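Since we're looking at a predicted model, the values are computed, not measured.
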Amino acid sequence: MQQRADRHRLLRLLTLIASPLNLLLLIAAGISLFLQEWPDAAIVLSVLMGSTVLGGVQEYLAGNAMRRLQSRLTVQAVVLRDGEQSRLPMELMVPGDVVSLSAGSLIPADGLVLSADDLFVSEAALTGEVFPVEKRAFRSFAGGQRLGGSQWETAAADQRVLMGSSVRSGYGRMMVLKTGTATVLGKLADRLRRPRPETEFERGVRQFGMMLMRVMLLILPAVLAVNMLQSRPPVESLLFALALAVGLAPELLPAIITMTLSYGARRMARSGVLVRRLNAIENFGCMDVLCTDKTGTLTAGEVQLRDACDITGAESGEVLRLACLNALLQSGLKNPLDEALAIAAEKAGVDSASVERIDEIPWDFTRKRVSVVVGDLRQPGSSGLAMVTKGAFRSVVAVCIAVRRGLECVELSESMKLELEDRFAGWSQRGLRVLAVATRDIEDKREQYGRGEEREMCFEGFLLFEDPPKPGAAAALRELTERGVRLKMITGDNPLIAVHVAESIGMPVTGVLTGTELNGLSDDVLWHRAISTTVFAEVDPGQKERIIRSLKDSGHVVGYLGDGINDAPALHAADVSISVENAVDVAREAAEIVLLRPDLGIVGEASQLGRRLRRCALCHANPQAPFTPCSPRRGSQQD
């Protein structure tokens, strides 16, 4: 590991030296040495080495800060070897190890599930899927069997577990099949080792250096020819032409750029921004499009229960009580919606201890609902039982034959279904996440109840949840807009909620594109659609990178803010890649800028500072040069 880090630092140092501008200075120093102009050669080499070392030290210090951040996360797992159980770090896992999994466990490698008991795994960092996925045991496993690559290929997705995911609830065991670079996460890391696409700033510096080289190559033969035609001595003519070539090299420009950007990195560090690559600062000044997720960046990332309503939309304490009992008594997957209900239960004084819990039918992502069987809810002490079901609106309505009106359940007619559907659509358009609650009386008492018991239920009412926008999101958006940076939302959430959040913070919604629609577009069509679209909803990880590249191809300097493994390819493709301190390791490694707090306002400040630093560098290099925005890419089209 240390040797790999040393090689990486050496390669990065060589990259800093090998820019066209620095190569031009090396040529100038070489000509000075050839002419025996020792002071000139010493000055040029000193400036060149000074700027290179300064840039290398700055990036080395930023790398140390990143390593300190990463050292806070040490992945260990409970491994069964030779009948003994021990905790081992992830680096020591080998194929064939059996790992015990429980709530909170991090998956240390890719493998197959050997046993599962209500095992739900969160794969959001890998796939972008918000809700955890239920896992089941590999169908062909027999005790003592050693699994291999052939079983991995034939296994279903819900029988595999991937490194980088985590257990949300339940218990299980897995057999390790792939470790290190052989894992899905490892292959993604290898993909990120490809050369990063050239940014706008690097492109500008390279083109400037190449222009100076072309001018030098034109001047040398021209001046030499003119002097020879005037019958001047050949040696004197050659020395004169070489002196002109040396004079073209701006010796102090690399040092000015490096010192200015280093100063900016220190300024940003005081504001909570860690700069991993100096060139990223200047790219902030050129950025005119910023793509970001919704949850945790534009919204608070904390789900809150807004209301519990009956079928007419009126507030209902009974619907709230039923929902809270369901959330408190079910022992399976706990998600942010259940946590919000637990908080609401405490405020409303709902006591689950007074209700007898008989059994539960856990949540799964096919049914999209969870049920608990309890003692009679309305006649304490009676022998009757009741089932309380909570879940996605359409999933709950599908098992209902009646609706609650007062104390009675009446038949659920088609017109009533349409009315309930209209209420659901209306709330969704307002950015609310809607769940439904239903009940059914049960006559016989058993130890266990199956999914088939969720039938002929009575629809009780609605639960309305919201993830409110961050208090400073609207102000940060206005600040970015005033600085010429347009914000685009890329989220896996449904388009109705995404549009509502965008409108609530003042983001103009000029176009909405879903992942399904995006799959039907060619790259050329997406090239045009991406410019006018401000909200990309229900987008998978691979589509994020397509969106970023399309925006870049249309001539924009694009920034991307992401914190998950699924964001890494998009971060790698962006001109300005931004992540946060609590992001996954791969996202932080792929980012050039790391925010020490997830605040969109910091991005606006960094953008403004990048513009000032760019202007400062240009003015020092050429005091007469006016400040101009970044030029579009060759062959691009600005809208």
Side-chain angles (χ1 to χ4, degrees), residues 102-104 118 120 122 124 130-132 166-170 295-296 299-363 368-381 385-393 395-396 404 407 427 430-440 457-471 497 501 582 598:
S102 59
D118 289 332
F120 286 84
S122 174
V130 176
F131 292 101
S166 60
V167 179
R168 285 292 301 272
S169 64
T295 304
T299 65
E302 299 176 357
V303 177
Q304 300 174 3
L305 177 67
R306 177 171 174 174
D307 210 348
C309 306
D310 61 18
I311 62 170
T312 66
E315 185 176 349
S316 172
E318 179 63 14
V319 173
L320 174 62
R321 186 175 79 93
L322 293 172
C324 290
L325 289 175
N326 178 284
L328 295 173
L329 294 175
Q330 66 105 356
S331 60
L333 173 67
K334 295 290 185 180
N335 57 48
L337 304 178
D338 288 323
E339 294 170 1
L341 282 171
I343 295 174
E346 184 177 354
K347 292 181 180 179
V350 177
D351 183 15
S352 61
S354 61
V355 178
E356 181 186 9
R357 176 186 178 279
I358 307 300
D359 193 19
E360 74 173 278
I361 306 173
W363 171 282
K368 296 184 178 179
R369 53 183 181 259
V370 58
S371 299
V372 293
V373 180
V374 297
D376 195 288
L377 294 168
R378 295 176 176 85
Q379 296 179 8
L385 304 177
M387 175 180 289
V388 182
T389 298
K390 174 181 94 279
F393 167 75
S395 175
V396 172
R404 175 73 61 184
L407 298 178
W427 281 319
R430 290 161 53 187
L432 301 175
R433 188 179 295 278
V434 183
L435 298 187
V437 179
T439 60
R440 182 171 81 88
M457 305 195 76
C458 179
F459 190 92
E460 298 283 349
F462 302 90
L463 301 173
L464 309 181
F465 298 86
E466 65 177 348
D467 183 7
K470 278 190 174 181
I497 294 178
V501 171
N582 59 354

Do [X] and [Y] touch side chain to side chain, with heavy atoms closer than 4.5 Å?
| X | Y | answer |
| --- | --- | --- |
| Ile343 | Glu339 | no |
| Thr389 | Arg440 | no |
| Val374 | Val355 | yes |

ask   = Just wondering, more than 12 heavy atoms not from Gln304 lying within 6.0 Å of its CD?
value = yes

Which heavy atom of [X] sits nearest a heavy atom of [Y], and at what distance?
| X | Y | value |
| --- | --- | --- |
| Val319 | Ala308 | CG1-CB, 4.2 Å |
| Leu385 | Gly375 | CD2-CA, 4.0 Å |
| Cys324 | Val350 | CB-CG1, 4.0 Å |
| Phe465 | Leu435 | CE1-CD1, 3.8 Å |
| Val396 | Gly391 | CG2-N, 3.6 Å |
| Ser395 | Arg369 | OG-NH1, 2.8 Å |

Using 0.5 Å steps for rounding, measure from the [atom1] atom of [X] to the [atom2] atom of [Y].
| X | Y | atom1 | atom2 | result |
| --- | --- | --- | --- | --- |
| Leu432 | Ile497 | CG | CD1 | 8.0 Å |
| Ile361 | Met387 | CD1 | CE | 4.0 Å |
| Asn326 | Asp338 | CG | CG | 7.0 Å |
| Leu329 | Ile358 | CG | CD1 | 10.5 Å |

request  = Step by step, work out the side-chain contact (heavy atoms from CB on, under 4.5 Å) result for Leu341 and Leu463.
outcome  = CA-CA 10 Å; Leu341 282 171; Leu463 301 173; 4.3 Å; yes

ask   = Just by distance, do the side chain of Asp310 and the backbone of Arg404 share a donor-acceptor pair under 3.5 Å?
value = no

request  = Could you tell me whether a side-chain N or O of Ser354 sits under 3.5 Å from a main-chain N or O of Asp351, the two making a donor and an acceptor?
outcome  = yes

task = Evaluate the criterion side-chain contact (heavy atoms from CB on, under 4.5 Å) for residue pair Leu464 and Leu305; output intermediate values, then yes/no.
result = CA-CA 6 Å; Leu464 309 181; Leu305 177 67; 5.7 Å; no

task = Decide if the gap between the ring center of Phe459 and the ring center of Phe462 is smaller than 6.0 angstrom.
result = yes

request  = Could you walk me through whether Asp467 and Arg433 pass the salt bridge (charged side-chain N to carboxylate O under 4.0 Å, His left out) test, one step at a time?
outcome  = CA-CA 9 Å; Asp467 183 7; Arg433 188 179 295 278; over 6 Å; no

